[in-house]
Amino acid sequence: MNEFSLEIIHLQSLLANGLQWNWQIDGWIMVTAVLCAVAATILGNFLVLRQLSMMGDALSHAVLPGLAAGFLLTGTRDGFVMFAGAAVIGVLTAVLTDWINRLGKVDEGASMGVVFSGLFALGILMINQIPHTDLDPACVLYGNIEFVYLNKTNLWFLGLESVQIPRSVLVLSVICIVNSLFTLAFFKELRINCFDPALASTMGMRPKLIHYSLMAMVAITVVACFESVGNILVVAMLIVPASAAYLCTGRLSTMIGLSILFAVSSAVLGHLTAIWGPWGEIGTSTAGMMALVSGVLFCLAVLFSPTGGLIMKWWRKSRLANSILEEDILAFLYRFGETSSQSKQIAIASNPSEIAAASVEQIQDKLLVPVRAVKKMIASLSRRGMVSSSGDQINLTEKGRRQGKDIVRSHRLWEQYLASTANVSGDKVHANAEKLEHFTGPALRTLLDHETDGAMVDPHGRPIPPETPLPENTESQTDSNKNL
Amino acid sequence: MNQIPMAYFFEGELWQRLVRMLSLADHNTRVVLAGTLLLGISCGVIGSFTLLRKRALVSDALSHATLPGIGIAFLTAQAFGYSGKNVFLLLFGAAIAGCLGMASILLIRNQTRLKEDAAMGIVLSVFFGAGTAIMVAVRNSPEGNMAGLSDYIYGQTAGMLATDAWLIAAVGLVSLSISILLFKEIRMFCFDTSFAHCQGLSTRFFDSLLMFLIVMVTIVGLQAVGIIMMVALLITPAAAARFWTYNLVKMTWIAALIGGFSGVTGAFISGLGENLPSGALIVLTASSCFVFSLFFGSKRGVFVRTRRRWETQNETDREHLLRDFFEILEGKNLALTTSQTESSAEVPLGKLLAKRAWKLSRFRKVLRFGTDQGWLLESDDKIQLTARGAREAAKVVRRHRLWELYLIHFAGSDPNRVDRGADMIEHWLDPDVLAELESLLKEQSPPSTVASSPHPIEKDIWSSEEEKFDVGSIDKGDRQSEDQE
């Protein structure tokens with residue numbers, strides 16, 4: 001292994017000689033990396049969707065004895081035999097896992113683990129018996145993408161002059177095309193099999209056959225990528241871009257497109273960071289950096305994805321929380337006015353200017369939220385003409401009062417409904433109504449009114465205010481309905 | 001090997017090594033064997049819990065995630081002017097990276113809509129990728145080429161020192177005592193998480209505890225088995241032990257035994273030759289134990305279960321044959337009772353065979369068993385039930401019809417549909433259930449006689465033309481029952 005690493009160091013110092021970009025070397029490395037990433041990620045989408053991600057890991061380990069056997073038979077790692085051996089072992093891994101899972105009643109993950117670790121150990125033992133080969137444990141693990149340009153092969157275009165391209169590029173291009181054709185040709189079958197295997201079965205699609213052909217394709221792809229990025233980083237290319245794409249969209253075709261985009265970016269950025277990153281003179285492993293960059297892209301997807309990203313989730317949550325707090329403030333001010341008007345024996349409706357004002361401290365005291373949040377919401381409410389503040393005192397405007405009344409009406413209707421119709425005990429209705437009031441529109445209020453036989457008071461004996469006939473009052477309520 | 005004469009073998013290097021290792025002459029041999037033994041035992045115990053918790057592959061992700069930790073610990077130590085080869089420091093780095101990996105898995109699982117399998121795959125590959133990149137930097141550092149950090153990837157027991165063995169012993173002791181002290185709680189947690197939760201145990205605490213134990217044993221195992229194959233030592237012995245017992249305590253003991261055996265055997269064989277990596281050999285020993293247990297395990301092994309199924313099949317076949325016999329006789333108004341004392345009339349063989357879609361060999365086997373038991377008498381393609389056989393047949397049919405009647409009267413099933421249900425369950429009705437059925441159905445069926453079938457018995461459609469089955473009536477019946485539904 002040390003000999004090998006010395007070679008890498010030597011080659012890399014050659015490669016990054018003065019950190020110069022060399023098209024002959026870096027160009028081919030990048031082409032290989034991109035092809036490898038694309039070939040793997042196309043199939044990876046289906047692994048992620050079928051929750052078989054660890055099968056990718058299992059296959060990438062388990063093909064080793066197939067490779068070693070192919071190598072022992074032919075004495076070369078270029079041959080077709082190695083691919084065949086790997087494909088056979090790949091399907092065998094899937095079959096054995098399934099078999100141990102069903103017949104031995106071993107949990108699926110565990111049977112996968114038993115099969116692939118056993119086969120990998122066998123492969124390592126076999127490789128150790130082959131003296132002086134370029135199929136050694138280190139290249140199994142890390143690949144040798146830095147070497148690809150050394151092993152070139154002739155290619156004739158339309159009988160014209162021959163072009164020399166690296167063998168890996170040729171192989172990976174073929175694999176890429178085959179994988180794309182496989183996905184395009186069986187897109188419908190693969191999709192149904194991902195989302196509803198039972199449906200696939202009733203439509204006569206033979207899910208088992210689809211499953212095993214997918215496994216065989218993954219195994220072949222793994223072998224083709226093996227010598228470039230190594231077996232564990234194949235797992236990165238299989239799973240990570242596809243997972244990131246999964247977080248960003250809900251459509252399979254978009255997901256595949258996005259995953260290819262992520263895969264290409266991680267390959268290109270991976271190589272660039274490997275030679276120009278803070279690694280000193282000689283750069284670092286391109287394969288490792290590809291995996292790391294794909295991980296970074298995944299983290300970005302987790303944070304910024306427009307559908308399920310954490311930031312989007314947080315923003316929606318805080319918007320909902322704000323609108324609920326606003327409604328709570330309006331309802332509080334309405335109730336406050338109600339109690340003080342009762343003590344003064346004045347009907348509020350007849351004399352709106354007499355609505356009692358409350359201070360921020362009083363609101364904060366009742367709603368148990370920070371002063372800052374209350375002040376922010378009051379500022380936003382007064383911008384929209386819901387409240388007016390004079391000095392320390394906050395007053396409801398006519399518009400705000402209607403809104404507050406609707407919320408209080410929703411609250412008391414719900415309390416009455418829960419107590420009378422749903423048989424919820426009296427001490428629990430308030431907490432429930434407190435949540436439900438924010439998601440209740442005029443239509444639901446009418447229904448509740450009907451269900452409670454037009455009750456005038458809630459279970460606590462407070463009056464249920466009448467419905468306001470104006471449609472524009474429900475503006476913010478429908479907003480909160482949308483957020484739900 | 002075949003070309004080498006035996007004499008050469010005994011004088012050769014291999015023999016000498018074998019003798020030296022068997023006699024535990026070298027200090028190093030003793031250290032390595034003790035270390036791998038202890039490692040195998042603790043992995044077996046912890047693995048049993050992770051297997052039952054269905055977390056087997058987590059150990060794979062966690063062990064891969066330790067690589068960047070090892071590299072960074074090495075580089076950090078060097079940056080502060082210490083030697084990077086301090087095992088404790090490297091393992092400390094590995095532990096931190098492992099815990100980070102564990103946290104990442106939990107975060108991805110809980111905070112995104114990805115499932116645990118994708119979370120494990122992502123952590124495994126991205127952490128390992130980072131590790132690969134850092135390892136290149138390690139190799140380029142002054143001490144790098146001699147650091148032997150690559151041993152952590154595939155495992156190499158030869159380099160194990162006494163301190164390493166002591167470390168394994170310490171971690172093993174801690175994890176064992178935690179498992180013994182919290183055995184009841186862990187067991188509850190493994191089998192019924194929601195029940196454990198109701199008992200006031202914190203799911204999060206035990207999940208984290210289990211993951212922490214995995215990280216601990218994984219890290220001390222890195223040296224012997226390596227990052228890649230560590231997962232096998234945690235999964236395989238436990239999975240193998242499950243074939244031998246249904247009892248968790250016994251399973252844990254057996255898993256520890258298999259783990260210890262694999263560790264010692266793998267390390268031992270590895271010590272015999274040059275190109276024999278210890279990690280691979282330990283794993284292969286464990287895999288062989290697994291394969292052996294899979295087939296020969298005394299409780300859930302494939303052979304035992306196949307034999308059990310085979311026996312059940314035979315018993316079912318026998319009872320079906322007896323019932324067919326009974327029904328044929330019944331069709332000729334020669335019904336038997338459970339207190340029959342004389343042999344029945346003779347029935348041609350072909351008529352019995354026509355009742356079932358059996359191959360001739362299967363039919364013959366059932367017949368042979370019947371004659372051996374003294375139930376049947378066979379002569380010139382005609383069979384007769386002995387008195388014993390007749391009683392047996394009457395019992396079987398009685399069970400079948402009791403169940404049919406039960407389905408009709410108490411479960412509201414359609415009479416045309418009860419035959420199949422009774423067909424399946426008639427073999428498993430034990431005396432208690434029969435007694436209960438009898439008391440429920442007293443008026444329908446007086447004891448010791450067999451009630452007539454509540455539905456028309458299918459005539460042998462294949463054997464005789466004139467008794468042609470009335471397809472129309474069945475269709476009508478089916479349609480009626482569908483209408484009722």
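First the proteins, then the strands, lettered A, B, ... as listed; each starts at 1. Atom set for the values below is all heavy atoms of this structure, side chains included, hydrogens, waters and symmetry mates excluded.
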Is chain A contacted by the side chain of [X], its backbone, both, or neither, given a heavy-atom distance below 4.5 Å?
| X | result |
| --- | --- |
| B:I122 | both |
| B:L107 | neither |
| B:S287 | side chain |
| B:K115 | side chain |
| B:M229 | side chain |

With a 4.5 angstrom heavy-atom cut-off, could you sort out which part of [X] is near chain B: side chain, backbone, both or neither?
| X | result |
| --- | --- |
| A:A110 | both |
| A:F298 | side chain |
| A:L247 | both |
| A:I100 | side chain |

If you compare all heavy atoms of [X] against all heavy atoms of [Y], which two are closest, and at what distance to 0.1 Å?
| X | Y | answer |
| --- | --- | --- |
| A:T41 | A:P241 | OG1-CB, 3.5 Å |
| A:L258 | A:C248 | CD1-CB, 3.7 Å |
| A:V106 | A:N101 | O-ND2, 2.7 Å |

Could you check, using the six-membered ring where one of them is a Trp, whether A:F120 and A:F116 have ring centers closer than 6.0 angstrom?
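Ring centres of A:F116 and A:F120 not closer than 6.0 Å.
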Between [options], which residue shows the highest count of heavy-atom pairs closer than 4.5 Å to chain B?
| options | answer |
| --- | --- |
| A:A58, A:A287, A:S294, A:A291 | A:A291 |
| A:L238, A:L103, A:V48 | A:L103 |
| A:V293, A:I124, A:V302 | A:I124 |

Is the charged tip of B:R53 near the ring of B:F189: under 6.0 Å from the six-membered ring centre and within 45° of its axis?
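Judged by the rule (NZ or CZ under 6.0 Å from the ring centre, within 45° of its axis), B:R53 counts as positioned above B:F189.
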Could you check which of B:L114, B:L234, B:L124, B:D60 has the highest count of heavy-atom pairs closer than 4.5 Å to chain A?
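Among the listed options, the one with the most contacts to chain A is B:L114.
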Closer than 3.5 angstrom, by distance alone: can the side chain of [X] be matched with the main-chain N or O of [Y] as a donor-acceptor pair?
| X | Y | value |
| --- | --- | --- |
| B:R113 | A:Y246 | yes |
| B:Q78 | B:F74 | no |
| B:S270 | B:G266 | no |

Aromatic ring pairing B:F295/A:W99, orientation class (parallel under 30°, perpendicular over 60°, tilted between):
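Geometry flag for A:W99 against B:F295: tilted rings.
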